[in-house]
Protein chains: 2
Amino acid sequence: MVQRRNTRQRTLVAEAVSALHTHPSANDVYAYVHERDPHVSLGTVYRNLNLLAEEGKILEVHTPGGSHYDFRTDDHDHVVCTHCGSVADAGVSRHRSIDDDVEVNTGYRVTGHFTVFEGVCPACQAKQAAQAS
Amino acid sequence: MVQRRNTRQRTLVAEAVSALHTHPSANDVYAYVHERDPHVSLGTVYRNLNLLAEEGKILEVHTPGGSHYDFRTDDHDHVVCTHCGSVADAGVSRHRSIDDDVEVNTGYRVTGHFTVFEGVCPACQAKQAAQAS
DNA sequence: ATACCTGCAAACTATTTGCACTTGA
DNA sequence: TCAAGTGCAAATAGTTTGCAGGTAT
């Protein structure tokens, strides 16, 4: 077991993810943190996001275009906008875990899975409608 | 409708994805193509992979660490190895599309979704077992 | 003929890392 | 004390793009 310390920076990063319920990117978290402590570096933000995700204290959401972070740590799926990259909870309840089936089929030792829906968010739909005049 | 041409390069890229049934990355495709025509550039490989995927002639598989390409164009899910990045078909049949539910829940105009399972491939499992001596 | 396409190299985005210094326990 | 953590800048990986010249139709 590795010994972990409670640093000011780590606390700030955790606080950012808790406060921002918008599925922030690493950069969004950096902006929040940087506002409160301009000395914190982006590298440190990444290091702490990875640590917190590893510990299961936050959830990492993989999307094309980069990772986002979620204060909700229960398994749930997400939608990502193919135009602006915004992320939202999918709001569908998860079907039974099929991880075991995949394990049998492929020989991979399966540790989990994630589903990402792709679409266009309401804001970008409005923008498109405005353009199509 | 854009006019598309049949170039030697585009044919080679399509051929590579058809021939390689290993869910190749852009680099793998580049290696295959480069072997038959050393003048073809990586940029061209990317441009053609994107075009072919857009046309639905090949499937783009998003994984953490980069895209992979699949000659199978029917909707199906994948497993990715968290150690070496190898990709395989998950081999599970897809549950009914819940895209519409997500659309209702979120307001996003949903165009599709993809599920990626994470795990450790048989080869990497063997490597781990050998180390743990 | 002329749009589409290509090679090449540079640019870009997201993320990681080496190193010397700081700091929590 | 001293290993874990940090800041900074440089490095890396994956992918895109501007431009000048090439080529399919």
Side-chain angles (χ1 to χ4, degrees), chain A residues 1-17 23-31 33-55 57-58 60-69 80-87 116, chain B residues 1-17 23-31 33-55 57-58 60-69 80-87 116:
Chain A
M1 234 1 188
V2 197
Q3 197 67 288
R4 295 263 147 87
R5 290 178 186 174
N6 295 324
T7 62
R8 187 171 32 84
Q9 293 87 337
R10 185 159 307 155
T11 306
L12 268 174
V13 169
E15 182 187 311
V17 178
H23 302 87
S25 65
N27 237 309
D28 297 333
V29 171
Y30 175 65
V33 169
H34 193 260
E35 209 168 87
R36 288 150 229 254
D37 184 343
H39 295 297
V40 178
S41 70
L42 184 55
T44 294
V45 169
Y46 270 105
R47 278 188 280 236
N48 282 309
L49 286 171
N50 286 340
L51 274 179
L52 292 166
E54 212 170 87
E55 292 173 354
K57 297 200 177 141
I58 63 176
E60 183 174 359
V61 181
H62 304 285
T63 70
S67 285
H68 291 252
Y69 299 87
V80 58
C81 178
T82 50
H83 279 70
C84 70
S86 74
V87 176
V116 176
Chain B
M1 226 11 181
V2 197
Q3 197 66 287
R4 294 264 148 86
R5 292 179 183 172
N6 295 323
T7 61
R8 188 170 30 84
Q9 293 88 337
R10 184 159 307 156
T11 306
L12 267 173
V13 169
E15 183 188 311
V17 179
H23 302 87
S25 65
N27 238 310
D28 297 333
V29 171
Y30 174 66
V33 169
H34 192 260
E35 210 168 84
R36 293 153 224 245
D37 184 343
H39 295 297
V40 178
S41 72
L42 184 56
T44 294
V45 168
Y46 270 105
R47 277 188 280 236
N48 282 308
L49 286 171
N50 286 340
L51 274 178
L52 292 166
E54 213 170 86
E55 292 173 353
K57 296 198 177 143
I58 64 176
E60 182 174 0
V61 181
H62 303 285
T63 71
S67 285
H68 291 252
Y69 299 88
V80 58
C81 178
T82 49
H83 280 70
C84 70
S86 73
V87 175
V116 177

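Numbered from 1 within each chain, the chains take letters A, B, ... in sequence-line order. In what follows, every heavy atom counts, from backbone to side chain, and hydrogens, waters and symmetry copies are set aside.
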message: Going by side chain to side chain donor-acceptor pair (under 3.5 Å), name the residues that satisfy it together with A:E35, two or more places apart in sequence or in a different chain.
response: none
message: Tell me every residue that passes side chain to side chain donor-acceptor pair (under 3.5 Å) with A:T63, counting only those two or more places apart in sequence or in another chain.
response: none
Residue whose nearest DNA chain D nucleotide is more 5′ - A:D37 or B:A26: A:D37
Euclidean distance, atom CG of residue B:L12 to atom C1' of C:dT6 [Å, nearest integer]: 13 Å
- prompt: Is B:N48 near enough to C:dT6 that one of its side-chain N or O atoms lies under 4.0 angstrom from OP1 or OP2?
  reply: yes
So which protein N/O to nucleotides 16-23 of chain C N/O distances come out below 3.5 Å?
residue: C:dT16; atom: OP2; partner: A:N50; partner atom: ND2; Å: 3.1
residue: C:dG18; atom: O6; partner: A:R47; partner atom: NH1; Å: 3.4
residue: C:dT23; atom: O2; partner: A:R5; partner atom: NH1; Å: 3.2

query: At under 4.0 Å between heavy atoms, what does A:S67 touch on the DNA or RNA strands: base, sugar-phosphate, or nothing?
result: sugar-phosphate
message: Holding to salt bridge (Lys or Arg N to Asp or Glu O under 4.0 Å), I want the full list of residues that pass it with B:E54, two or more places apart in sequence or in another chain.
response: B:R4
task: With sequence neighbours left out, write down each residue that passes salt bridge (Lys or Arg N to Asp or Glu O under 4.0 Å) with A:R8, or none if nothing qualifies.
output: A:D37
- line: So the contacted stretch of DNA chain D, first to last nucleotide with an atom under 4.0 Å from a non-hydrogen atom of chain B, runs from D:dG14 to D:dT25
task: Describe the nucleic acid contact of B:N6 in one word from base, sugar-phosphate, nothing, applying a heavy-atom distance below 4.0 Å.
output: sugar-phosphate
- request: Scan B:S41 against the nucleic acid and name what it touches under 4.0 Å (heavy atoms): base, sugar-phosphate only, or nothing.
  value: base
task: Could you check B:S25 against A:R10 and say which one's nearest nucleotide on DNA chain D is further toward the 5' end?
output: A:R10
Atom pairs and distances, side-chain donor-acceptor, residues 40-47 of chain A, under 3.5 Å, sequence neighbours left out:
residue: A:S41; atom: OG; partner: A:T44; partner atom: N; Å: 3.4
residue: A:S41; atom: OG; partner: A:T44; partner atom: OG1; Å: 3.2

Non-neighbouring partners of B:Y69 that pass ring pair (Phe, Tyr, Trp, His ring centres under 6.0 Å), sequence neighbours left out: none
message: According to ring pair (Phe, Tyr, Trp, His ring centres under 6.0 Å), who are the partners of B:H23, at least two apart in sequence or on a separate chain?
response: B:H78
task: For residues B:V17 and B:L49, determine if any side-chain heavy atom of one lies less than 4.5 Å from a side-chain heavy atom of the other.
output: yes
query: Looking only at side-chain N and O atoms, does B:Q3 come under 4.0 Å of OP1 or OP2 in C:dA3?
result: no
task: Sequence neighbours left out, what passes side-chain contact (heavy atoms from CB on, under 4.5 Å) with B:H62? Give chain and number order.
output: A:P64, A:E118, B:E60, B:S67, B:F114
task: Can you sort out the partners of A:H39 under side chain to side chain donor-acceptor pair (under 3.5 Å), two or more places apart, ordered by chain and number?
output: none
query: Under 4.5 Å between any side-chain heavy atoms of B:E55 and B:L52, yes or no?
result: yes
- request: For the helix from C:dA1-D:dT25 to C:dA25-D:dT1, measure the angle between the helix axis at one end and the axis at the other, each built from five pairs, rounding to 10°.
  value: 30°
